[in-house]
Amino acid sequence: MKKHGNRNDDVRTMFTGMYGYGKEYQPARADLGGRVALITGTAGMIGFAAAKRLAQSGCAIAAWDLCEDSGEAKAREIADATGGNVVFYKVDVTDRQAITDAVARVIADFGKIDVLFCNAGGNWGNRKPVYEFDDELFRRNERVNLTGSVVWLCREVIPHMIRQGKGSIIITSSVCGVTGLRNQCGFVGSKFAVSALTRSMALEYARDNIRVNCIAPGSTPRPEDKLNPLWDTVDFENFEKNFSNPENLLYDIPIPRPAEPDDMAGLVQYFASDDAAYTTGQVVCVDGGWTAGFSGNY
Amino acid sequence: MIFTFTFDFGGRTALVTDADAATMRTLSLALSRSGTRVALFGRERAAETARELCASGGEAEAFDVDYRDDDAIGKTMDSVLARFGKIDLLFNGAYVVVPVDKRKRLHEFDMELYEEILAQYYHGLYRVTKAAVRDMAKRGEGAVVNIISIRGMVPVPGQTPAVAASAAAVGFTRMWGVELKETGVRVNAVAAGLAADEHASGDRQPLSHLAVPRATKPEDIAAAAMFLASDEASYITGTILPVDGGFQAGYARSF
Ligand SMILES: NC(=O)c1ccc[n+]([C@@H]2O[C@H](COP(=O)([O-])OP(=O)(O)OC[C@H]3O[C@@H](n4cnc5c(N)ncnc54)[C@H](O)[C@@H]3O)[C@@H](O)[C@H]2O)c1
């Protein structure tokens, strides 16, 4: 393991090789040949990584995103890299009719949906306490992360899974859907709600052989987030010093690196597979131990 | 109704929302007895409660508000502040349950009811809290107690919007609670167990799951809420206090 990276590049390359970050570890392979996965937010980091992993495992992929150009490009990239069948659909999940139409097209194109990964979403806000929070952005978090991405989409897909007699639904929540982070109430409300719906849906559909599970990612910076204040204070020269500086995020995160999208992809693949046949209603944090407790010395 | 506890809230003003609900009415009576001036959000029953409080020497006024209308909430909050000058304590009546005959799994759930419940118990909770905390933050002190359903901690089937709104309220409570740093306002919640009519109406009887085998009474909730709002709880913020007969603690049935 490399002892430390360097400060001169984006967050991704800064940490490469550290604590399983980057390409150092050996991903597990599942055999999901013949299955069809519908994944939303595939133009984004986590959706892309999950789609690529499931395609490598043999799934055909219906890749949804709001962004047409990057959505198309990413879908082609996955198809080229894996030789898999990847079809892109431009869908805005806040448009209920668009969801209905697109699910019908997926069924027409692929015949079934075995795996649904409800992942499109975002954290919109002005980073203010509740009394100064932006109302429009508050609403957008709820419309996209809760109602569109999860409630409307699951309503459309579940009847097909019931008919098929089997299905696996995976939802993306967040550490903000498990613990309270201040100044982002739009995001926190929407993600706590989907963490709970994971559990109520698991109860509702267990006897239809549909499992519902949830991943709760920790801080997964975009490559361009070079100046993300959460990571900006990292001292690479004296790496251990980060662990005693309470201003530094690495003080709080036991595995001292950011999350990367591939960390999520592995769990998504597990939940999608039959290895998880007895696992339902679970919310699993992939956060380097961030929410496990308090890693300070007290 | 007999309370064995007393708090002295002398001179404070409390806003109680969803005051038509039995629990919030009980809480309003107890607050008034403890010297609190009470603003109530609600319809006929809230107005009735306000009249009762005034008749017994208290100070109270009811306000009709449409939770689905963001502008209306803002205007009503302005009227409360004009009438009482400030809001020290906010008790959000955020307890929501889907009526038995409307309980359906997600793919069959009535989406109009879904939107209605979210409007009042998710967006309404945010709107009312935002306006009240704005006033509290100006003075650098205040307390919010959200009265929510235990369904936010122990999800149940058939009640998508109630589970979603209650869980969101758990999240709001925890994060608004740590915003104390910026607002000076403590925020906590009471997660209420099932009331008597819910025990009677459900198709599966949860009593055998309870360590305390009886339904939740309004007094149980009112007592916990007043404690969390009081100065006795000045070190408590961002917590959810389940008042549920042990429902969420573990598996009380022997097997
Ligand atoms: N990145 C993090 O630190 C982090 C942490 C916790 C949770 N999450 C969650 O992970 C999920 C994936 O996010 P990401 O990290 O890959 O970020 P991302 O921004 O790279 O990807 C999100 C994708 O969702 C798409 N999207 C947004 N609104 C949409 C809509 N209305 N309809 C269709 N698509 C829409 C975007 O176009 C984008 O491609 C989100 O639900 C996010 O909330 C991310």
Side-chain angles (χ1 to χ4, degrees), chain A residues 96 128-136 138-139 141-143 145-147 150-162 169 173-174 176-208 210 212 281, chain B residues 70 74 103-109 111 114-115 118 122-123 125-127 129-138 142 144 151-185 187 237-240:
Chain A
R96 203 172 152 190
K128 294 278 188 188
V130 55
Y131 70 102
E132 290 173 340
F133 204 83
D134 184 282
D135 293 338
E136 207 34 60
F138 181 87
R139 188 167 290 278
N141 280 285
E142 178 268 300
R143 284 290 100 178
N145 296 345
L146 167 58
T147 298
V150 176
V151 172
W152 285 344
L153 179 54
C154 288
R155 274 171 69 84
E156 292 296 332
V157 173
I158 282 169
H160 295 289
M161 290 183 167
I162 292 176
I169 297 175
S173 180
S174 166
C176 295
V178 174
T179 195
L181 266 64
R182 65 202 171 114
N183 295 349
Q184 21 189 326
C185 68
F187 190 63
V188 167
S190 68
K191 292 297 190 182
F192 262 79
V194 301
S195 299
L197 288 187
T198 299
R199 297 160 67 193
S200 62
M201 285 165 64
L203 302 173
E204 290 176 356
Y205 297 108
R207 286 163 195 177
D208 288 302
I210 299 171
V212 188
Chain B
D70 290 341
R103 289 181 196 168
K104 289 268 161 35
R105 297 194 293 170
L106 174 65
H107 73 287
E108 292 163 337
F109 202 90
M111 279 293 103
Y114 171 89
E115 294 293 353
L118 245 57
Y122 186 114
H123 293 283
L125 174 64
Y126 160 72
R127 280 299 178 129
T129 306
K130 178 176 179 174
V133 170
R134 188 183 299 133
D135 175 64
M136 294 171 182
K138 253 186 259 161
V144 177
R151 294 171 186 86
M153 301 179 84
V154 185
V156 290
Q159 305 196 38
T160 297
V163 168
S166 304
V170 170
F172 291 145
T173 303
R174 292 179 59 167
M175 54 127 354
W176 289 339
V178 292
E179 284 179 358
L180 176 70
K181 269 193 154 174
E182 282 100 330
T183 60
V185 181
V187 183
T237 191
T239 66
I240 320 293

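Owing to the predicted nature of the structure, the values given are computational and were not obtained by experimental measurement. In what follows, chains carry the letters A, B, and so on, assigned in the order in which the sequence lines appear, proteins first and then strands, with residues in each chain numbered from 1.
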Q. Of the listed residues (Gly238(B), Gly177(B), Ala165(B), Gly171(B)), which shares the most heavy-atom pairs with chain A below a 4.5 Å separation?
A. Gly171(B)
Q) Checking Arg134(B) side chain against Glu132(A) main chain: does a donor-acceptor pair fall under 3.5 Å? A) no
Q.
Between Lys138(B) and chain A, with a heavy-atom cut-off of 4.5 Å, which part of the residue counts as in contact: side chain, backbone, both or neither?
A. neither
Q: Drop me the distance from Arg151(B)'s CZ to Ser200(A)'s OG, to the nearest 0.5 angstrom.
A: 12.0 Å
Q: Answer yes or no: is there a side-chain heavy-atom contact under 4.5 Å between Glu204(A) and Thr160(B)?
A: yes
Q.
Is Glu142(A) close to chain B through its backbone or its side chain, or both, or neither, when contacts mean heavy atoms under 4.5 Å?
A. both
**Q.** Polar side-chain atom of Tyr205(A) near backbone of Leu106(B) as donor-acceptor pair, under 3.5 Å
**A.** yes
Q. Side chain, backbone, both or neither: which part of Val133(B) has a heavy atom under 4.5 Å from chain A?
A. both
**Q.** Heavy-atom closest contact (Ala164(B) atom, Ala193(A) atom, distance)
**A.** O-CB, 3.5 Å
Q. Leu181(A) versus chain B, heavy atoms under 4.5 Å apart: side chain, backbone, both or neither?
A. backbone
(Q) Side chains of Arg105(B) and Ile158(A), heavy atoms from C-beta outward: is any pair under 4.5 Å? (A) no
**Q.** Steps toward side-chain contact (heavy atoms from CB on, under 4.5 Å) verdict (Arg174(B), Val188(A))
**A.** CA-CA 9 Å; Arg174(B) 292 179 59 167; Val188(A) 167; over 6 Å; no
Q. Counting only N and O atoms by type, is there a donor-acceptor contact under 3.5 Å from the side chain of Arg155(A) to the main-chain atoms of Phe109(B)?
A. yes
(Q) Within this structure, what is the CZ-OG1 distance for the pair Phe133(A) and Thr129(B), rounded to the nearest 0.5 Å? (A) 13.5 Å
Q. Under 3.5 Å, is there a donor-acceptor pair between the side chain of Tyr122(B) and the main chain of Ser190(A)?
A. yes
Q) Between atom NZ of Lys130(B) and atom SG of Cys185(A), what is the distance when rounded to the nearest 0.5 Å? A) 8.0 Å
Q) What residue in Gln184(A), Lys128(A), Lys191(A) has the most heavy-atom pairs under 4.5 Å with chain B? A) Gln184(A)
Q: Look only at the side chain of Arg182(A) and the backbone of Val178(B), and say whether a donor-acceptor pair between them is shorter than 3.5 Å.
A: no
Q: Pick whichever of Arg127(B), Gln159(B), Lys181(B) has the most heavy-atom pairs under 4.5 Å with chain A.
A: Arg127(B)
Q.
Please verify the inter-ring angle class for Phe138(A) with His123(B); under 30° counts as parallel, over 60° as perpendicular, anything in between as tilted.
A. perpendicular
**Q.** Expected output: side-chain Arg199(A) to main-chain Met153(B) donor-acceptor under 3.5 Å
**A.** yes
Q) Can you name the nearest heavy-atom pair linking Pro155(B) to Leu203(A), along with the distance? A) O-CD1, 3.3 Å
Q) Which region of Val157(A), side chain (C-beta onward) or backbone (N, CA, C, O), has a non-hydrogen atom less than 4.5 Å from a non-hydrogen atom of chain B, or is it both or neither? A) neither
Q: Supply the atom-to-atom distance His107(B) NE2 to Met201(A) CE, rounded to the nearest 0.5 angstrom.
A: 11.0 Å
Q: Sort Thr179(A) into side chain, backbone, both or neither according to what part of it lies under 4.5 angstrom from a heavy atom of chain B.
A: both
Q | Over all atoms of both residues, closest heavy-atom pair of Met111(B) and Val151(A) | A | CE-CG1, 3.9 Å
Q. At what distance, to the nearest 0.5 angstrom, does CG of Leu118(B) lie from CZ of Arg139(A)?
A. 9.0 Å
Q) Any side-chain donor-acceptor pair under 3.5 Å between Asp135(B) and Tyr131(A)? A) no
